[in-house]
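Just so you know, ligand 1 is whichever comes first in the structure, and atom 1 is the first atom listed for that ligand. Sequential numbering from 1 along the given sequence is applied to the chain's residues. Here the structure is a predicted model, which means the values were calculated and not measured.
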Amino acid sequence: MIVLGLESSCDETAVAIVEGNRTIHANIVLSQWQAHAPYGGVVPEIASRAHLEAIESLVAEALQVSGLNWSNIDAIAATAGPGLIGGVIVGLTAAKAIAMAINKPLIPINHLEGHALTPRLVEDIPFPYLLLLVSGGHTQLIIVEGIGNYRTLGTTMDDAVGEAFDKTAKILGLPYPGGPEVEKQAANGNPKRFLLPHSMVGTPHCNFSFSGLKTAVARTAATIEKSDIPDLCASFQTTVGDILCDRVTTAIKQFSGSHLVVAGGVAANQYLAQRLRTVAASSNLQFCAPPMKLCTDNAAMIAWAGVERLKQGISRSALNVIPKARWPLAEVSI
Ligand code: KG4
Ligand code: ZN
């Protein structure tokens with residue numbers, strides 16, 4: 001079973017070809033970050049136009065890299081939301097066209113389901129597992145009970161973690177995208193230098209809030225020298241680590257599986273991954289963080305979600321599916 005996947009919900013145009021036995025035949029990601037960099041964030045109109053310009057040649061490139069041809073493709077999977085609607089429309093419409101042209105089923109995929117199932121593309125992780133999804137758009141704690149069966153324990157009340165990283169970078173004049181830059185600066189800083197707010201820590205639910213932290217970073221940044229930037233980045237990153245560990249520890253109390261999994265772009269942060277690994281170990285859970293290339297937005301995760309859904313016996317095509325800007329994971333059900 002071989003699935004072609006398309007992803008275009010944010011600022012990466014991505015095409016991948018994945019087989020049911022976990023072979024990734026192609027995984028091409030074209031980042032638009034240079035187009036958005038002057039604005040310090042993703043500009044939706046620029047993103048949709050860039051997807052439109054790139055998607056056709058990326059599909060051709062994926063086929064070429066894989067050494068496969070259209071007759072080898074069993075289904076097309078594409079992100080149908082949530083995300084920036086212009087981009088989602090481009091990817092989903094391209095997928096519909098391909099599905100019609102090669103007469104194979106189209107499987108619409110929720111982008112978050114793609115992130116949620118990524119660990120199973122890497123290894124055979126059993127259900128249920130506890131997922132911490134941390135990206136530029138999302139911060140969620142989810143119990144993945146099975147394909148199309150997700151129980152959300154907590155989410156952010158305001159900003160996403162990745163957004164907090166990006167905004168911190170912007171405030172400090174660091175280049176976009178901010179996450180990796182803040183991590184780099186933090187490596188040379190004193191994490192105890194600045195005391196920052198730990199919103200929601202100690203509360204019995206599993207929700208998050210990062211807007212207070214962002215405001216505190218902005219206020220502190222206005223009072224410091226350039227040479228203090230590493231200290232502020234380290235203090236910020238450590239505070240995020242404290243918050244994530246506290247929230248995950250609270251979630252573990254409501255969970256009875258064997259694995260803690262982290263996914264989403266922020267999972268690329270080595271410091272945070274290490275802290276979460278420690279939390280998992282102290283609760284006797286196995287820890288899994290997919291490789292970076294599969295953690296940030298990509299189409300292999302979309303193709304894989306398509307594979308998982310096909311394996312469940314869903315081969316009905318959905319050419320009439322409507323792209324969605326908002327699409328909570330809880331609404332994805334088989
Ligand atoms: O999953 P992703 O590629 O896209 C979304 O669906 O949002 O995540 C991108 C986010 C950005 O906010 C980026 O700053 C953050 O992940 N990120 C990081 C790191 N690498 C990427 N945040 C912290 N540390 C990193 N090393
Ligand atoms: Zn994502």
Side-chain angles (χ1 to χ4, degrees), residues 5-14 16 27 29-33 36-37 40-42 44 47 51 78-84 87-88 91 109-119 121 131-140 142 155-156 159-172 174-187 189 208 210 213-214 217 233-234 236-241 243-244 261-276 289-302 304-305 325-327 329:
L6 302 185
E7 155 61 34
S8 59
S9 65
C10 191
D11 61 342
E12 265 101 19
T13 319
N27 185 15
V29 180
L30 182 70
S31 174
Q32 308 172 352
W33 70 268
H36 301 288
V42 179
H51 287 305
T79 301
L84 299 173
V88 177
I109 299 294
N110 179 300
H111 179 87
L112 300 174
E113 181 173 56
H115 279 303
L117 296 177
T118 300
L121 166 58
L131 170 76
L132 173 67
L133 176 57
V134 276
S135 74
H138 306 281
T139 307
Q140 305 205 331
I142 298 160
T155 185
T156 180
D159 296 346
V161 196
E163 213 177 336
F165 269 92
D166 294 335
K167 285 178 179 167
T168 294
K170 196 173 178 182
I171 290 163
L172 296 173
L174 302 173
Y176 170 87
E181 289 299 323
V182 171
E183 183 177 14
K184 238 184 263 165
Q185 294 286 332
F208 303 81
F210 292 99
L213 176 58
K214 177 187 68 188
V217 167
C233 286
F236 165 80
Q237 187 175 261
T238 301
T239 304
V240 171
I243 295 170
L244 295 184
V261 169
V262 223
V266 180
N269 185 295
Q270 294 303 302
Y271 165 80
L272 295 177
Q274 189 46 45
R275 295 265 326 248
L276 292 164
M292 235 174 273
K293 216 178 162 199
L294 299 176
C295 267
T296 54
D297 282 353
N298 66 87
M301 69 180 192
I302 303 301
W304 176 253
R326 226 191 125 267
W327 188 10
L329 200 47

Item to complete: Mind checking the CG-OG spacing from Asp297 to Ser8? Nearest 0.5 Å is all I need.
Response: 10.5 Å
Item to complete: Starting from the C-alpha separation in whole Å, work towards a yes-or-no answer on side chain to side chain contact (heavy atoms under 4.5 Å, CB included) for Glu181 and Lys170.
Response: CA-CA 10 Å; Glu181 289 299 323; Lys170 196 173 178 182; over 6 Å; no
Fill in: atom 15 (C) of ligand 1: the protein heavy-atom neighbour that sits closest, reported with distance to 0.1 Å
Val266 CG2, 3.9 Å
Worksheet item: When you measure from atom 24 (N) of ligand 1 to every protein heavy atom, which one gives the shortest distance, and what is it?
Response: Asn269 ND2, 3.0 Å
Worksheet entry | Residue list, side-chain contact (heavy atoms from CB on, under 4.5 Å) with Thr155, at least two apart or on another chain | Gln140, Met157, Asn207
Item to complete: Write out the residue and atom name of the closest protein heavy atom to atom 1 (O) of ligand 1, then the distance separating them to 0.1 Å.
Response: Gly265 N, 2.9 Å
Item to complete: Identify the heavy atoms of Pro175 and Ala169 that sit nearest to each other, and give their distance.
Response: O-CB, 4.3 Å
Worksheet item: What are the protein N/O/S atoms, named by residue and atom, that sit under 2.8 Å from the Zn ion (ligand 2)?
Response: His111 NE2, His115 NE2, Asp297 OD1
Worksheet item: Step by step, would you call Leu244 with Arg275 a side chain to side chain contact (heavy atoms under 4.5 Å, CB included)?
Response: CA-CA 9 Å; Leu244 295 184; Arg275 295 265 326 248; over 6 Å; no
Worksheet item: What closest approach, in Å, do Gly114 and Ile302 show between heavy atoms, and which atom pair accounts for it?
Response: CA-CD1, 4.4 Å
Worksheet item: Donor-acceptor pair, Ser9 side chain versus Gly83 backbone, under 3.5 Å?
Response: no
Discussion item. His111: which residues meet the ring pair (Phe, Tyr, Trp, His ring centres under 6.0 Å) condition with it, sequence neighbours left out?
Written reply: His115
Worksheet, complete the sentence: Thr118 meets the side-chain contact (heavy atoms from CB on, under 4.5 Å) criterion, sequence neighbours left out, with Pro290, Leu294, Met301
Practice prompt. Compare every heavy atom of Cys10 with every heavy atom of Gln32, then report the nearest pair and how far apart it is.
Written response: OE1-O, 4.4 Å
Worksheet item: Between Thr296 and Glu12, does a side chain to side chain contact (heavy atoms under 4.5 Å, CB included) hold up when you go through it step by step?
Response: CA-CA 9 Å; Thr296 54; Glu12 265 101 19; 5.8 Å; no
Response to the item:
Numbered in order shown, the ligand 1 atoms found under 4.0 Å of a heavy atom of Gly162 are 12 (O)
Fill in: ligand 1 contacted by Gly137 (non-hydrogen, < 4.0 Å)
yes
Worksheet item: Does Met292 come within less than 4.0 angstrom of ligand 1, counting non-hydrogen atoms of the residue?
Response: no
Discussion item. I'd like the name of whichever of Ser31, Ala273, Gly179 reaches closest to atom 23 (C) of ligand 1 through any heavy atom.
Written reply: Gly179
Fill in: atom 26 (N) of ligand 1: nearest protein contact (heavy atom, Å)
Glu183 OE1, 2.7 Å
Worksheet, complete the sentence: Closest to atom 3 (O) of ligand 1 among protein heavy atoms sits Asp297 N, 3.0 Å
Worksheet item: Counting only heavy atoms, which portion of His111 has something under 4.0 Å from ligand 1: side chain, backbone, both, or neither?
Response: side chain
Worksheet, complete the sentence: If you scan protein heavy atoms around atom 11 (C) of ligand 1, the nearest is Asp166 OD2, 3.6 Å
Practice prompt. Determine whether any heavy atom of His115 lies closer than 4.0 Å to an atom of ligand 1.
Written response: yes
Item to complete: Quick one: closest heavy-atom pair of Glu183 and Tyr271, and the distance?
Response: OE2-N, 3.6 Å
Worksheet item: Of all the non-hydrogen atoms in the protein, which one sits nearest to atom 10 (C) of ligand 1, and at what distance?
Response: Gly136 N, 3.4 Å
